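Quantities reported herein were computed from a predicted structural model and do not represent experimental measurements. First the proteins, then the strands, lettered A, B, ... as listed; each starts at 1.
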Protein chains: 2
Amino acid sequence: MHISVKTGYAVRALSELALNASEKPISISKICEKQNLPIKYIEQLFRNLKRDGLVKSIHGSKGGYLLNRELNKISLKNIMKAVDDDFSHNFCYGTKEHIDYCKGFPCGFYELWDEIKDHMENYLDSIKLEQIISRL
Amino acid sequence: MHISVKTGYAVRALSELALNASEKPISISKICEKQNLPIKYIEQLFRNLKRDGLVKSIHGSKGGYLLNRELNKISLKNIMKAVDDDFSHNFCYGTKEHIDYCKGFPCGFYELWDEIKDHMENYLDSIKLEQIISRL
DNA sequence: AGATAACATAGTAAATTAGTATGAATTGGC
DNA sequence: GCCAATTCATACTAATTTACTATGTTATCT
C-alpha cells in the first residue's frame, strides 16, 4: 500500500511542466535538469502520459512536451494509471495475473476489495495537478 | 497502489478465526485447511499479528490462536501494519530507504504525500473486521 | 548537414514477494 | 515419560517487479 517512486517522478515532472506552461514545449532534458530526474526513465513515462492524453509532444529540435489538459483536469489517478500499468485491479487478484488467491471467484471478500479500490480511485481522482502545484 | 496478497491472506485467516470464535483456540492448520492457505506462510503472519496484539496464542497440543480484541477494534489498517512491515511511510521516500528521491528534504511535495498517507490510513482504519465478516 | 529533440526496444542489478525447508520449544493426552 | 500436535524461529529461494541504463531510430529546426 504505497505510491511508487515512478508516480512521484511523474508528478514532479508534470508539475515542472505546469509551472512553466506556455505555447512553447519543454524538453525532457530541461525538466530532468530542474528536478534532477533520470532522463531516459522520464522519457518512458512521458510516452505513457502521452498515450493517455495527459501531454502532447512536438518532435525535433526545439521540440518537447506540453500539457494537453487544463490543470484541474489532470488528477493523480490519471497520472498513476498512465504510468503504473497495473494500477488498481480488484485486490482480490493480488497481482496482475490471478494466482488463484480466491478459488471460487467471486469469493466472499471480492466486494470488500472492490469497495476499497473504488474509494482509493475516487480519492486519487479528486487530487488535481492544479491543487498540487498551488502548494509549491 | 495495491493491497498485497499477504494482507488478503491475513484478512481471510482472521475472518476464519472471527467466524469460529470461542474460548478454544484454533490452529493454523485448521484455518489454512478451511481457507486453503499456505500453512508455513500463515504461521509467519500470525506471529506478526500476535506481536501487534491482534491475536493471542496457546502453545502445545490443542493449542492455537484466538482473537485478542473485539471485532470492532481490529481494523484493516491494524492488519496491514502488522503483516506488511513497511506499510505507509511518507511516499516521499518511495521505499524503505531514502533513495534521495527528493533531495533537499522536505521537498515541496512532502506535504502532499503526507496528506495522502493520512487519508489512506484513516480510511483503512475505518474498516473493521466486524464489518468485513458481516458480509460473508 | 548538424544539432536537438521525441520515440522505441532491450537489457539489468537490486529489491520485494510469496512462498518453502528445517528444526526447536511447548503442551495435552495416553 | 512419551508422543503427537502445536507455536515459534530462522534461513533459504524462485519469480516478479522496480527503477533504472544502453543503444539506437526518426523527426524537426537552424
Side-chain angles (χ1 to χ4, degrees), chain A residues 1-10 12-13 17 24-33 36-51 55-66 68 80 83-87 89 91 93-102, chain B residues 1-10 12-13 17 24-33 36-51 55-66 68 80 83-87 89 91 93-102:
Chain A
M1 175 49 65
H2 63 282
I3 290 179
S4 64
V5 170
K6 207 191 254 180
T7 293
Y9 285 175
R12 280 166 64 190
L17 215 51
K24 288 181 194 164
I26 307 176
S27 68
I28 295 286
S29 52
K30 204 76 168 189
I31 291 169
C32 290
E33 186 192 336
N36 196 258
L37 295 170
I39 296 182
K40 284 295 179 185
Y41 196 46
I42 303 303
E43 275 188 5
Q44 291 171 14
L45 302 193
F46 268 73
R47 265 173 259 140
N48 289 337
L49 294 170
K50 185 186 176 185
R51 182 200 59 207
V55 297
K56 57 188 167 192
S57 68
I58 293 175
H59 261 72
S61 185
K62 302 281 173 189
Y65 285 94
L66 289 164
N68 195 35
M80 290 175 69
V83 132
D84 234 336
D85 39 66
D86 74 332
F87 165 74
H89 39 71
F91 299 128
Y93 292 85
T95 53
K96 253 169 280 190
E97 301 302 313
H98 193 329
I99 60 167
D100 208 11
Y101 160 79
C102 44
Chain B
M1 176 47 69
H2 62 281
I3 288 179
S4 64
V5 169
K6 207 191 253 179
T7 293
Y9 285 174
R12 280 166 64 190
L17 214 54
K24 286 180 195 165
I26 306 177
S27 69
I28 296 284
S29 50
K30 204 74 169 193
I31 291 169
C32 290
E33 188 190 336
N36 196 257
L37 295 170
I39 296 182
K40 282 295 178 185
Y41 196 47
I42 303 303
E43 274 187 8
Q44 290 172 15
L45 302 194
F46 268 74
R47 262 171 263 139
N48 288 337
L49 293 170
K50 184 186 177 184
R51 181 201 60 208
V55 297
K56 58 188 165 190
S57 68
I58 293 176
H59 261 73
S61 184
K62 304 280 173 186
Y65 284 94
L66 290 163
N68 196 33
M80 290 175 69
V83 133
D84 234 337
D85 39 64
D86 74 332
F87 166 75
H89 38 72
F91 300 127
Y93 292 86
T95 55
K96 253 170 278 191
E97 301 303 315
H98 194 327
I99 61 169
D100 209 9
Y101 161 80
C102 44

Near-strand residues of residues 57-66 of chain B, defined as heavy-atom separation under 4.0 angstrom from DNA chain D: Ser57(B), Ile58(B), His59(B), Gly60(B), Ser61(B), Gly63(B), Gly64(B), Tyr65(B)
Divergence of helical axes at both termini of the helix from dA1(C)-dT30(D) to dC30(C)-dG1(D) - five pairs an end, 10° steps: 10°
Interatomic distance, Leu49(B) CG vs dC8(D) C1' [rounded to whole Å]: 14 Å
Which nucleotide in dC7(C), dT7(D), dA5(C) has an atom nearest any side-chain atom of Ser27(B): dT7(D)
For atom OH of Tyr41(A) and atom C1' of dA22(D), their distance in whole Å: 16 Å
Over all atoms of both residues, closest heavy-atom pair of Leu17(B) and Ile31(B): CD1-CD1, 3.7 Å
Integer-rounded Å distance: dA19(D) C1' and Arg12(A) CZ: 14 Å
Side chains of Tyr9(A) and Pro38(A) in contact at under 4.5 Å (non-hydrogen atoms): yes
For nucleotides 10-14 of chain D, list the nitrogen or oxygen atoms of the protein found under 3.5 Å from its nitrogen or oxygen atoms, one pair per line.
| from | atom 1 | to | atom 2 | distance (Å) |
| --- | --- | --- | --- | --- |
| dA11(D) | N6 | Gln44(B) | NE2 | 3.4 |

Spacing of Ile39(A) atom CD1 relative to dC7(C) atom P, expressed in whole Å: 15 Å
Closest contact, heavy atoms only, Lys50(A) versus Ser57(A): NZ-OG, 3.0 Å
Atom-to-atom span, CD of Glu33(B) to C1' of dA5(D) - whole angstrom: 14 Å
Parallel, tilted or perpendicular: ring planes of Phe46(A) versus Tyr65(A), cut at 30 and 60 degrees: tilted
Shortest non-hydrogen contact between Leu37(A) and Ile42(A), atoms and distance: CB-CG1, 3.8 Å
Closest non-hydrogen atom pair, Val83(B) against Asn48(B): O-ND2, 4.2 Å
Non-hydrogen atoms of Ile3(A) and Met80(A) that approach each other most closely: CG1-CE, 4.3 Å
Atom pair distance, as rounded to whole Å: CD1 in Ile26(A) and C1' in dT4(C): 16 Å
Atom-pair distance (CG on Leu37(B); P on dG19(C)), nearest Å: 9 Å
Between CD on residue Glu33(A) and CD1 on residue Ile39(A), distance to nearest 0.5 Å: 8.5 Å
Closest non-hydrogen atom pair between Lys56(A) and Asn68(A), with its separation: CD-OD1, 3.5 Å
Steps toward side chain to side chain contact (heavy atoms under 4.5 Å, CB included) verdict (Met1(B), His2(A)): CA-CA 5 Å; Met1(B) 176 47 69; His2(A) 63 282; over 6 Å; no
Atom-to-atom span, CD of Glu43(A) to P of dT25(D) - whole angstrom: 15 Å
